[in-house]
Amino acid sequence: MNKRKIIKGHKTLISSSFDANTSKDKFKDGIIYTLYSDEFNSLKVGFAENDKVLEKKLSSNRLILLDREKGNEKDLFLLITTLKELGIKYSNNLYFNYSNSLMRHLSTLGWPVGRSLYKQRKIKKELLCA
């Protein structure tokens with residue numbers, strides 16, 4: 001027969017220096033956006049500090065603004081990290097080859113993609129009573 005010993009005691013917690021308030025300050029608030037290039041059939045996701053910066057990006061390239069919303073640099077960082085883990089490849093300037101699966105991922109992750117290139121499927125369920 002196997003005898004087990006019960007050891008009573010307390011585990012000590014290691015304190016962390018992470019502070020949610022200070023970590024938020026590292027990321028600037030601004031605008032997160034999605035741009036589309038018809039010429040290269042590609043998407044560009046990004047962050048702009050304000051409307052003027054975003055307008056400059058739009059005027060300097062031949063890109064179409066699909067959608068934008070308030071956000072911060074952390075949102076962009078999390079999106080890129082998640083897409084990398086999903087195996088979606090991109091260039092250094094955050095350009096992605098357009099695909100329906102990329103649009104679905106962006107939409108699922110809450111990234112602003114607009115309705116011009118991507119239409120969400122609405123699943124309707126009917127309950128049948130016998």
Side-chain angles (χ1 to χ4, degrees):
M1 184 166 211
N2 216 352
K3 293 186 180 182
R4 295 184 188 178
K5 290 184 180 181
I6 299 175
I7 301 172
K8 292 185 179 180
H10 295 73
K11 302 240 182 210
T12 57
L13 294 175
I14 300 171
S15 64
S16 173
S17 62
F18 177 77
D19 184 11
N21 294 329
T22 58
S23 67
K24 185 181 178 191
D25 295 339
K26 293 179 185 178
F27 298 104
K28 297 176 186 174
D29 287 330
I31 302 167
I32 54 174
Y33 60 84
T34 305
L35 305 175
Y36 176 72
S37 169
D38 196 27
E39 182 179 353
F40 299 109
N41 195 30
S42 64
L43 294 174
K44 177 174 175 56
V45 296
F47 169 81
E49 293 178 3
N50 55 43
D51 288 330
K52 289 180 183 178
V53 174
L54 182 57
E55 288 293 326
K56 186 176 179 181
K57 289 181 184 192
L58 285 170
S59 64
S60 65
N61 296 322
R62 300 169 89 192
L63 299 170
I64 302 164
L65 178 65
L66 293 181
D67 201 4
R68 58 179 249 169
E69 65 183 40
K70 288 182 181 180
N72 59 39
E73 289 177 317
K74 183 178 183 180
D75 298 328
L76 179 61
F77 173 76
L78 291 172
L79 176 77
I80 298 304
T81 304
T82 305
L83 291 175
K84 188 186 292 185
E85 288 178 6
L86 291 171
I88 297 174
K89 297 183 185 197
Y90 57 92
S91 71
N92 290 341
N93 295 333
L94 302 180
Y95 280 96
F96 296 86
N97 290 328
Y98 174 83
S99 70
N100 285 329
S101 66
L102 172 62
M103 293 298 283
R104 187 174 59 247
H105 286 309
L106 291 173
S107 177
T108 301
L109 294 169
W111 195 260
V113 292
R115 297 182 186 263
S116 58
L117 292 179
Y118 179 70
K119 296 184 178 21
Q120 283 184 322
R121 290 187 310 168
K122 293 188 178 180
I123 300 172
K124 294 182 181 179
K125 292 185 179 182
E126 292 183 20
L127 190 61
L128 298 174
C129 298

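The closest side-chain heavy-atom distance from Y95 to L63 is below 4.5 Å. Residues L76 and L94 meet the side-chain proximity criterion, which asks for heavy atoms closer than 4.5 Å.
Residues passing the side-chain contact (heavy atoms from CB on, under 4.5 Å) test with D67, sequence neighbours excluded: P112. Residues passing the ring pair (Phe, Tyr, Trp, His ring centres under 6.0 Å) test with Y90 are F96, sequence neighbours excluded. When the side chain to side chain donor-acceptor pair (under 3.5 Å) test is applied to T82, no partner is found at least two apart in sequence or on another chain. With sequence neighbours left out, the side chain to side chain donor-acceptor pair (under 3.5 Å) criterion links N41 to Y36. Judged as a salt bridge (charged side-chain N to carboxylate O under 4.0 Å, His left out), and not counting sequence neighbours, E85 has no contacts.
Following chains of ILVMFWY side-chain contacts shorter than 4.5 Å, one cannot reach L43 starting from F40, and the two form parts of different hydrophobic clusters. A continuous path of Ile, Leu, Val, Met, Phe, Trp and Tyr side chains, each step under 4.5 Å between heavy atoms, connects I80 with W111, placing both in one hydrophobic cluster. Linking Ile, Leu, Val, Met, Phe, Trp and Tyr residues whenever their side-chain heavy atoms come within less than 4.5 Å places I88 and L109 in a single cluster. In the hydrophobic cluster analysis, where Ile, Leu, Val, Met, Phe, Trp and Tyr join through side-chain heavy atoms closer than 4.5 angstrom, I64 is grouped together with L106. V45 is connected to L86 through a chain of hydrophobic side-chain contacts under 4.5 Å among Ile, Leu, Val, Met, Phe, Trp and Tyr, so both are in one cluster.
Screening residues 49-64 for side-chain hydrogen bond (donor to acceptor under 3.5 Å, both in side chains) gives K28-E49, Y33-K57, D51-R68 as the qualifying pairs, with residues at least two apart or on separate chains.
Between D29 atom CG and K74 atom NZ the span is 11.5 Å, to the nearest 0.5 Å. Note that CG of L65 is 6.0 Å distant from CG of L54, once rounded to the nearest 0.5 Å.
Counting only distance, with no hydrogens or angles, the side chain of T108 and the backbone of R104 share a donor-acceptor pair below 3.5 Å. Side-chain atoms of N72 come within 3.5 Å of backbone atoms of D75 as a donor-acceptor pair (strictly under, hydrogens ignored).
Contact detail for L83 and H105: the closest heavy-atom pair is CD2-CB, 4.2 Å.
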